[in-house]
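Structure first, commentary second.
Values below: every heavy atom of this structure, side chains too, minus hydrogens, waters and symmetry copies. Please read these numbers as outputs of a predicted model, since none were measured by experiment.
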Amino acid sequence: VEPSDEVLCERVAAGDQRAFDLLVERYQERAYRIAWSMLRNAEDARDVSQDALVRLYAIAGTFAGRARFSTWFYRIVVNLALDHRRRHRWWRSLFDHRNHDEPGTAIERHPAPGPSPADDTERRDMLTRVLTAVDRLSPQQRAAITLQIEGLSTADMADVLGCSEATVRVHLHRAIGTLRKTMGER
Amino acid sequence: MRHPDESELIDYVRGDIGDTERAALTAHVATCTMCRDSAAGIRHLLDTLTAATAPPAVHWGRYRAALREKLERRKPPAAGTTWWRPVSAALAATLAIVLVVLAVSGVPRESQVAAVPPPEDSAVLERLDLLQQYTMLERLDLIEDLEVIGTLDDLPDES
């Protein structure tokens, strides 16, 4: 039987390197995906998700088991991503302005999975609009959308974001409302 | 039933409502084209986001190698990598050797000290019979008095 995340975290706190490797295997992709959804930059997402795993290694002993391990770890990733955005806001805004002036750049920065048929221009335009709109959401709204895509419940999102479930719903409702307007779906 | 607002429909699509509300909304959406289209639009948006937010591919081997480097930078230096560690080890070894040498031959034990009395004591011990002839030595306290020592010849004969 595979050990649970919580058991592995306890072992990491006791210095078990193999347990840490297992947690990395389980969470590296999720951590990277969450970081990328919030930062929209592959290099930054790699850095932030790795930093989150390093943080996990350092503070595994503080995991009290009150929440699920995944929730606890997502909080680390989201907080680091939010912090990264705050620290690099001036730099990002400089390049966002330039990129928004260049047609087609957004879809290149946010490649959709799989091949995009050349004649599917409508879909590509729609994706460009949606992802550009996601870029313009507030950090909290984008974090809520990211965690929704990851399949977290409202209660888990509240734990990760450190706010009430009602606040999570407000972030989600506003984000989805904004994105629907962008997609022309009212 | 009144038309649900967008927030209620979002919660409905996300499955974030209770069983009673869900049953009521399901019944309403089944008969209301406008709300059904709206719910379908929300679901389509979430599906689109899920597909569109797949990040660029990552080489996980290189990712983990970079992670290991970051971890190594955090760890304290390994043994032997700082200047004072070999020095302290050499000092400890030297001290250990000195202790061993002293234990084997250097420091006399207490019994050995007692077995070799100082020279003055040896002389006294060799002639105990002489000491027994001086009755004045029975009053040892007088010996501590320098004046008495200086006038021993003038002392009255107690015998």
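- In terms of heavy atoms, R74(B) sits closest to A58(A) at NH2-CB, 3.1 Å.
- Counting heavy-atom pairs under 4.5 Å between each of D16(B), T48(B), L46(B) and chain A puts D16(B) at the top.
- For I10(B), the part sitting under 4.5 Å from any heavy atom of chain A is the side chain, from C-beta outward, and nothing else.
- Distance check, rounded to the nearest 0.5 Å: OG1 of T50(B) to CD1 of I149(A) gives 5.0 Å.
- Sorted by first and then second residue, the salt bridge (Lys or Arg N to Asp or Glu O under 4.0 Å) pairs with a member in residues 34-46 of chain B form an empty list; sequence neighbours excluded.
- Cluster membership for L56(A) and V7(A), using ILVMFWY side-chain heavy atoms within less than 4.5 angstrom, is not shared.
- Side-chain atoms of R14(B) and T154(A) form a donor-acceptor pair, as typed in the model, at a separation below 3.5 Å.
- Side-chain atoms of Q50(A) never come within 3.5 Å of backbone atoms of K70(B) as a donor-acceptor pair (strictly under, hydrogens ignored).
- Atom-to-atom distance recorded for Q28(A):CD and W60(B):CH2 is 5.0 Å, nearest 0.5 angstrom.
- Atom CD1 of I42(B) is separated from atom NE2 of H173(A) by 8.5 Å, given to the nearest 0.5 angstrom.
- The residue among S49(A), A155(A), S153(A) with the most heavy atom pairs within less than 4.5 Å of chain B is S49(A).
- For residues 73-83 of chain A, an interface with chain B (any heavy-atom pair closer than 4.5 Å) does not exist.
- With a 4.5 Å cut-off on non-hydrogen atoms, E29(A) touches chain B through its backbone and its side chain both.
- Residue-environment remark: CG (D5(B)) exceeds the threshold of 12 foreign heavy atoms within 6.0 Å.
- With L49(B) as reference, I145(A) is the one residue of I145(A), I176(A), T146(A) to meet the side-chain contact (heavy atoms from CB on, under 4.5 Å) rule.
- Within a 6.0 Å radius of CZ in R22(B), more than 12 heavy atoms belonging to other residues, nucleotides or ligands are found.
- Once rounded to the nearest 0.5 Å, the distance linking CZ of F20(A) with CG of L67(B) reads 5.0 Å.
- Contact annotation for Q17(A): only side-chain heavy atoms (C-beta onward) come within less than 4.5 Å of a heavy atom of chain B.
- Of all heavy-atom pairs spanning P55(B) and R33(A), the tightest one is CD-CG, 3.8 Å.
- Between chain B and the options L53(A), V170(A), V54(A), D21(A), heavy-atom pairs under 4.5 Å are most frequent for V54(A).
- Looking at R174(A), there are no atoms closer than 4.5 Å to chain B (heavy atoms on both sides), in backbone or side chain.
- A salt bridge is absent between E25(A) and R64(B); no separation between the charged side-chain nitrogens and carboxylate oxygens falls under 4.0 Å.
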